[in-house]
Amino acid sequence: MAQYRVVSGSVALITIQNPPVNALRAAVREGLFNAIKRASSDPQVRSVVLSGHNGTFCGGADIKEFGNVSLPGPHLVEVFQLMEDLVKPVVAAIEGFALGGGLELALACHYRIGHSKARVGFPEVNLGLFPGAGGSQRLPRLVGVPAALDIIITGRHVAAGEALKLGLLDKVIDQNTVDAAVTFAKSVEGKPLDNHRLGNRPCPPLENMDAFFEEAMKRVHSRARGAVAPITCVQAVRGAATLPFHKGMELEKMLLGTLFNSAQAQASQYCFFAERAGARWSMPSGARWDTCKAKPIGTAAVIGLGTMGRGITVALARAGLSVVAVETQEHQLAEAQRAVSRMLKGGGRVSYSPDLQAAAEVDLVVEAVFEDMAIKEKIFKQLSEVCKPGTLLTTNTSTLDIDRLASCTRDPQLVVGMHFFAPAHIMRLLEVVYGPRSSPEAVATAMQLGKRMGKVSVAVGNCTGFVGNRMLKPYLEQANFLLEEGATPELVDAALEEFGFPMGVFKMSDLSGLDVGWRVRKEEGLTGPGVTAGQPMRIRHSRRYSPLGDLMCEEGRYGQKTGSGWYLYDKPGGRVARSDPWLRNFLEQYRARHGLVARRISQQEVLERCLYALINEGFRVLEDGIAASPQNIDAIYVFGYSWPKHRGGPMFYASQVGLARVLEGLNHYHQAHPDVPHLEPCSLLRRLVASGSPPIDKWSEVVKGHRSQL
Ligand SMILES: C/C=C(\C)C(=O)SCCNC(=O)CCNC(=O)[C@H](O)C(C)(C)COP(=O)(O)OP(=O)(O)OC[C@H]1O[C@@H](n2cnc3c(N)ncnc32)[C@H](O)[C@@H]1OP(=O)(O)O
């Protein structure tokens, strides 16, 4: 786990060996502890170099160990202190990553030499923690409080060049890092070390310290959206700035104790693994990630250059593909060309054409035209004739039937959905949608391409809305019903924002445009001139229906783009939402017209109705086999719908609330609203509760048993 050998006559070279990222699990901590003791007592040794096996210094503590009540082996703080106290100089040779406990380990060394491609950082905040093994105390002493706080709060990876400028690294080199570190170690043998022990150094002084930390705390409170870890980061760094090292370490220990087994830390760590779980995809046919080979993709075409098409073009070009961007409307093509070039800053290999024929020779097509089945069917038919045999045809539809599009082509097995999220070059999520006829090779290729674009890719089955938008529908529906019953957009949004969403449902709807959903509802036959004649306004297919969104669109209130929607904006395209007296009036008149009596609605009811309805649909998605696991659903919600990471995704949240409580809540609300089927608890949820609410990683066993009985 920690290999020890003496090189160059006097240098103990200690190499951490725990693939793939040399995480500091118990055996590694023990190995390091023993190796340092050995170097200390070895008379031949005058200096030490610490490195990581296989080009990676160290990815930090082993996150998989965190569930254990008491961690076995020596504690990291103990190992690091032993290292810092060593009377022989210790040099960290950093290749690849030094993250979290890995960087703390490097900070306990007396010198740090990094490869030019190395990256360092404290990503603990993303795991609901902070650098609590000395990092919050040592880093500010080395680089100063402002730089340390920035690194610790953002969790960002710092490139070697920047780390050198900050003084975090002593030297950056392009050659063999371990060789350079050995040479360096020999050059400092016998030299005094006191100033190189960060625990001995005071923090560089900071003017206006109180004001600095007050401002930092204010900023963190406004951005953290209920997450506790970022606040703790500020408290810990303040300790470093104001306390002697040993007192700061005590504070750090106390603060870490409050977070370590907290619900937020568990949720964030669950997200870390859920993000990676999508790569191990499977299809109902039994095809899997490890048995299917992706086709090589070098060229792609994007059809339709609206907002989505432009973002997709940028994402593909940044992944190194040569892209043909096709748009039949000349003015839109010219505008898109300018926008894409701006986003790519002159880089990328993109050509533009008004003609679909330009896609003839590409390996893969992403269709991103208007959300209209007839138009998409026509394009798929044309693509099938134009493109060379073997070209993968994909669609960016957010809701339409993949199989219907596949049936317009000569090779339906080559058709899959690639559902990007706006802005497509920024949002991390990609839903890869397979139809009943999509080949495993086509799925493997789309998943592989997602990885190349840096996306969190999740393979899902074909149904209206797939996973994300299917679950969103009952959530939006509940929000509208709450308005009918007496809530305001402000009340609903405040409850959801306090829960941790960056934007409430109505602000989000104003941002994305109310007309988008209106068009979908027209396509579904829920609204429109022919549909509404003679039908009760608030009932469709014998279920409760809210026409509020349709009425808003009929008034021309599409959201930010028209300057008014659920809120008022200072101009079309304005961003700052203000309460709108017109809307209050409109809601009052609407309720009066339909004999609805407004009642007081609590934030708790808002959360339970919106979130439980969404979660209930998540269980149906699992039941139907549209998503392979709750982890996949949660990754979709965290990376595509901005579900707060510290809540772990909707399915994990349900497991934390308690499945019995979610079931009870749904039963309660369904009794009150029997005409709303989305509130009726689905059979999988009932079954999970009946089987004693097993932990989330055991749900799949119940799902399997459940499906075999259907
Ligand atoms: C107190 C807290 C302390 C002291 C801490 O140190 S908390 C841990 C802080 N460290 C991190 O948060 C780093 C987490 N890891 C990463 O960010 C990345 O894995 C990486 C940048 C180090 C490498 O990225 P990449 O090359 O893309 O590889 P993967 O992310 O796919 O990872 C490969 C597999 O390794 C597993 N892994 C990664 N880091 C850890 C870890 N610290 N503990 C346990 N396991 C880890 C990861 O899950 C992958 O495994 P599979 O999911 O494929 O089985």
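Whatever order the structure lists ligands and atoms in, that order sets their numbers, starting from 1.
Side-chain polar atoms of Ser116 and Asp174 form a donor-acceptor pair below 3.5 angstrom. Between the side chains of Asp85 and Gln81, at least one donor N or O sits under 3.5 Å from an acceptor N or O.
Not close to ligand 1: Phe122, with no non-hydrogen atom less than 4.0 angstrom away. Assignment of Glu104 to the shell around ligand 1 is supported, since a heavy atom sits closer than 4.0 Å.
Interface of Arg280 with ligand 1, defined as ligand atoms under 4.0 Å from a residue heavy atom, comprises 51 (P), 52 (O), 53 (O), 54 (O). Numbered from 1 in the order shown, with element, the atoms of ligand 1 that lie under 4.0 Å from a heavy atom of Phe272 read 14 (C), 15 (N), 38 (C), 39 (N), 48 (O). Residue-ligand proximity, Gly100 to ligand 1, at heavy-atom distances under 4.0 Å covers atoms 6 (O), 9 (C). The distance from ligand 1 to the heavy atoms of Gly60 drops below 4.0 Å at these ligand atoms: 6 (O). Heavy-atom contacts of Asp62 reach the following atoms of ligand 1: 43 (N), 44 (C) (cutoff under 4.0 Å).
The heavy atom nearest to atom 20 (C) of ligand 1, out of those in Phe97, Phe66, Phe273, is found in Phe97. Here the shortest heavy-atom distance to atom 2 (C) of ligand 1, taken over Glu124, Arg25, Glu65, belongs to Glu124. Within the set Ile63, Leu103, Leu99, the minimum heavy-atom distance to atom 22 (C) of ligand 1 is found for Leu99.
Put simply, the side chain of Arg428 never gets that close to the backbone of Val456: no donor and acceptor are under 3.5 Å apart. Between the side chain of Arg112 and the main chain of Ala92, no donor-acceptor pair closer than 3.5 Å is present. Side-chain atoms of Thr177 never come within 3.5 Å of backbone atoms of Gly114 as a donor-acceptor pair (strictly under, hydrogens ignored). Under a 3.5 Å cut-off, the side chain of Asn396 and the backbone N or O of Phe420 do form a donor-acceptor pair. Checking side-chain atoms of Gln269 against main-chain N and O of Leu127 turns up a donor-acceptor pair under 3.5 Å.
Across all non-hydrogen atoms, the minimal contact from Gly100 to Pro123 is N-CD, 3.5 Å.
Under 4.0 angstrom from ligand 1, the non-hydrogen atoms of Pro123 all belong to its side chain.
Between Phe260 and ligand 1, a contact under 3.5 Å exists for no N or O pair. In terms of polar-atom proximity, defined here as any N/O pair under 3.5 Å, Gly101 does make such a contact with ligand 1. The shortest N or O to N or O distance between Ala23 and ligand 1 is not below 3.5 Å. Between Ala133 and ligand 1, no N or O atom pair is found at a separation short of 3.5 Å.
Ring geometry, His419 versus Phe421: the interplanar angle falls from 30° to 60°, so the pair is classed tilted. Taking the six-membered ring where tryptophan is involved, the planes of Tyr111 and Phe184 are perpendicular, since the angle between them exceeds 60° and thus also 30°.
For atom 28 (O) of ligand 1, the nearest protein heavy atom lies 4.0 Å or farther away. Within the 4.0 Å cut-off (strictly below), no protein heavy atom is located near atom 24 (O) of ligand 1. For atom 36 (C) of ligand 1, no protein non-hydrogen atom is found at a distance below 4.0 Å.
The nearest protein atom to atom 50 (O) of ligand 1, hydrogens excluded, is given as Lys64 NZ, 4.6 Å; this is a heavy-atom distance. Gly59 O, 2.9 Å is the protein heavy atom nearest to atom 10 (N) of ligand 1. In this structure, atom 46 (C) of ligand 1 lies nearest to the protein heavy atom Val21 CG2, 4.1 Å. Here the protein heavy atom with the shortest distance to atom 47 (C) of ligand 1 is Arg276 CD, 3.8 Å. Here the heavy atom of the protein found nearest to atom 5 (C) of ligand 1 is Ala61 CB, 3.4 Å. Given atom 34 (C) of ligand 1, the protein heavy atom at minimum distance is Pro20 CG, 3.6 Å. In this structure, atom 8 (C) of ligand 1 lies nearest to the protein heavy atom Leu127 CD1, 3.7 Å.
Under a cutoff of 6.0 Å and an axis angle of 45°, Arg276 and Phe272 form a cation-pi pair. Cation-pi geometry between Arg141 and Phe245 is not met: the NZ or CZ atom fails to fall both under 6.0 Å from the ring centre and inside 45° of the normal.
For the atom pair CG of Leu364 and CD1 of Ile297, the computed distance is 5.0 Å after rounding to the nearest 0.5 Å. Note: Cys109 SG to Leu105 CG = 5.5 Å, rounded to the nearest 0.5 Å. Taken from CZ in Phe499 to CZ in Arg225, the straight-line distance is 11.0 Å, to the nearest 0.5 Å.
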